[in-house]
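Here the structure comes first, spelled out in structure tokens, and everything after it is commentary.
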Amino acid sequence: MPLGVSQLFPRGAMTDLSLRMQADVFRLPLPTKGEAVYFDNGKPKDRAPGLALRIRHAGSRKFVFFYRHGGRLLKLTIGDAASWTLDKARTTARDLRVQVEKGNNPSAEKETKRTASALLFSSIKDEYLAARKPNLKPRSHEQCARHLSKHWKALHKMALGSIDRATVAVLLRTIATNNGPVAADRARSNLSAMFAWAIGEGLCDANPVDGTNKASENKLRERVLTDAELAAVWKVAPDNDYGRIIRLLMLTAQRRNEVGSLQWSEIDTRTKTITLSNSRTKNSREHSVPLSKDALAILLAIPHRAGRDFLFGQGRGAFSGWSKAKSMLDAKLGDVVAHWTLHDLRRTGATRMADSGVQPHIIEAVLNHISGTRAGVAGVYNRAAYEPEKRAALDTLASYIKTARAQTAGGNVRRLKTA
């Protein structure tokens, strides 16, 4: 028995009975009053120094661990014997002993975690977003903040340590019903990332998102617009910022936000090229986009606004209001073009370039993809920019779109076959 244990239990009834095996856990008698402590007295190879079974007169049986820190005798509750086996308690006690021998105080660390887990979700959310901001692109950080603030609003007043898997699962079903399965999966991913960070910061011990179901299979979209649909979208695109963005997306096959956030400083009308810095691209690689005659004409028709570098949008930022503008465009299209997204224009552009004979590695260069022929070892050693080939590919795409528009309008136009 460690020195000083008896002083911790002045009303307890110490006995000579021993805790040797699992059967003893519930065989040892209840004390007539107060509590009794039985230290691990198993075989030397099994015994965990400092481990004891505390039995109270009311009937509770819990494993506890005794140790010395800073000259004081301390104890730490390991767990209830109803759910902890003696072997499991011994393993935990040995781990705790290692911490003590390193100079740590397990009781203080447990209390710190208990205090941290009592912090509200809302305060941890703000800390997490601040910590992640330097490492996330502005739009990614904005989306993360939106998911944690809007979709997980029901958790804001809950203590971090009280949030369990059942609570998360119920809210995920609600998000999927109200906002769709894709939104639910993205909200799930952002919540999981926040809890993973909180675990690393010592603010909680478990991630309640683990084990919850995804709302969708996240299957890759395969929607490619037909020539008639391309022509229809071009025709009804409004004569405003959104309409110009739509047509540029069709002609350049770039990402929505890359075009919607275009700045005059990124456009060189002399070389007929857009240059996106690594901070503006998804893969963090500088990317040049050659401009076809039609694409350049759209850009040249946009008036410069004093004191503003962004081509599209109002105020200080880039273009916003995507959902509202898309809904208005869909209303004009009716059933002519249904169930499509702006990203489908990018996929359609890549497909039509391939149909026109453009080689896959050139299409990847146009899209700024690091995959296929530009991935792995090949991507490291083959850093060719393919600028002439990219220009020819986008000129081909512009010609394809012009021909599709003419044919849909009833013009007698034939598409030239590529060699």
Side-chain angles (χ1 to χ4, degrees), residues 77-80 82-85 88 91-92 95-96 99 106 108-221 255-257 282-284 322-323 341 343 371:
T77 300
I78 292 178
D80 197 305
S83 56
W84 283 70
T85 64
K88 184 179 178 182
T91 298
T92 300
D95 292 339
L96 291 171
Q99 293 184 36
E109 293 178 4
K110 183 177 181 180
E111 183 60 30
T112 298
K113 287 185 177 180
R114 182 184 296 113
T115 302
S117 65
L119 294 174
L120 293 182
F121 178 95
S122 56
S123 63
I124 301 301
K125 167 185 71 69
D126 293 340
E127 289 186 27
Y128 169 68
L129 291 172
R132 291 299 310 278
K133 190 170 185 178
N135 302 316
L136 287 177
K137 291 183 181 297
R139 179 164 177 78
S140 297
H141 187 268
E142 177 186 342
Q143 291 177 337
C144 179
R146 177 168 55 83
H147 284 299
L148 294 177
S149 300
K150 177 183 176 182
H151 293 139
W152 298 111
K153 187 175 181 179
L155 302 178
H156 286 191
K157 295 183 178 180
M158 295 181 65
L160 197 68
S162 69
I163 300 171
D164 56 18
R165 183 188 304 167
T167 301
V168 173
V170 169
L171 290 175
L172 278 173
R173 290 195 291 272
T174 301
I175 296 170
T177 299
N178 296 338
N179 304 95
V182 174
D185 284 349
R186 289 175 179 169
R188 177 182 182 274
S189 176
N190 281 283
L191 183 65
S192 181
M194 193 198 88
F195 269 100
W197 173 85
I199 290 173
E201 293 294 311
L203 301 176
C204 61
D205 292 320
N207 188 338
V209 182
D210 290 345
T212 58
N213 295 321
K214 288 186 176 182
S216 73
E217 296 299 327
N218 286 328
K219 294 181 179 179
L220 294 176
R221 287 182 59 88
R255 294 182 175 88
R256 183 188 81 170
N257 291 316
K282 186 176 181 180
N283 59 21
S284 298
W322 295 96
S323 297
T341 68
H343 195 74
S371 59

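Computation of the quantities below employed the complete heavy-atom set of this structure, encompassing side-chain atoms and omitting hydrogens, waters and symmetry-equivalent molecules. Treat the numbers as computed from the prediction; the structure is a model and nothing was measured.
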*asked:* Quick check: do Arg255 and Lys282 have side-chain heavy atoms less than 4.5 Å from each other?
replied: yes
*Taking the side chain as every heavy atom from C-beta outward, state whether Asn190 and Trp152 have any pair of such atoms under 4.5 Å apart.*
no
*Specify the closest pair of heavy atoms between Ala159 and Leu120, including all atoms of both residues, with the distance to one decimal.*
N-CD2, 4.2 Å
*Once you round to the nearest 0.5 Å, how far does CH2 of Trp322 lie from CG of Asn257?*
6.0 Å
*When you measure from the side chain of His156 to the backbone N and O of Leu148, does any donor-acceptor pair fall under 3.5 Å?*
yes
*Rounded to the nearest 0.5 Å, what separation is found between the CE atom of Met194 and the CG atom of Leu160?*
5.5 Å
*Parallel under 30°, tilted from 30 to 60°, perpendicular over 60°: which one fits the rings of Phe121 and Phe195?*
tilted
*Of Leu96, Thr92, Ile78, which meets side-chain contact (heavy atoms from CB on, under 4.5 Å) against Pro106?*
Leu96
*Using a 4.5 Å cut-off on heavy atoms from C-beta on, say whether the side chain of Arg146 contacts that of His151.*
yes
_Between Thr177 and Arg173 (side chain of the first, backbone of the second, donor and acceptor by atom type, cut-off under 3.5 Å), is there such a pair?_
yes
*asked:* Between Leu191 and Leu171, is there a side-chain heavy-atom distance shorter than 4.5 Å?
replied: no
*Euclidean distance, Ile199 CD1 relative to Asp205 CG, rounded to 0.5 Å*: 7.5 Å
*How long is the gap from OG on Ser284 to NZ on Lys137, to the nearest 0.5 Å?*
3.5 Å
*Rounded to the nearest 0.5 Å, how far does CD1 of Ile163 lie from CG of Asn207?*
10.5 Å
*Look at the side chain of Arg132 and the backbone N and O of Trp197, then say whether any donor-acceptor pair between them is shorter than 3.5 Å.*
no
*Side chains of Asp164 and Thr167: do they bring a donor and an acceptor to under 3.5 Å?*
yes
*For the student: nearest non-hydrogen atoms of Asp185 and Ala215, plus distance*: OD1-N, 2.6 Å
*asked:* With heavy-atom distances below 4.5 Å as the criterion, would you say the side chains of Arg256 and Thr341 are in contact?
replied: no
*Roughly how far apart are Glu142 CD and Lys133 NZ, rounded to 0.5 Å?*
10.5 Å
*Side chains of Lys125 and Leu129: closer than 4.5 Å at any heavy-atom pair?*
yes
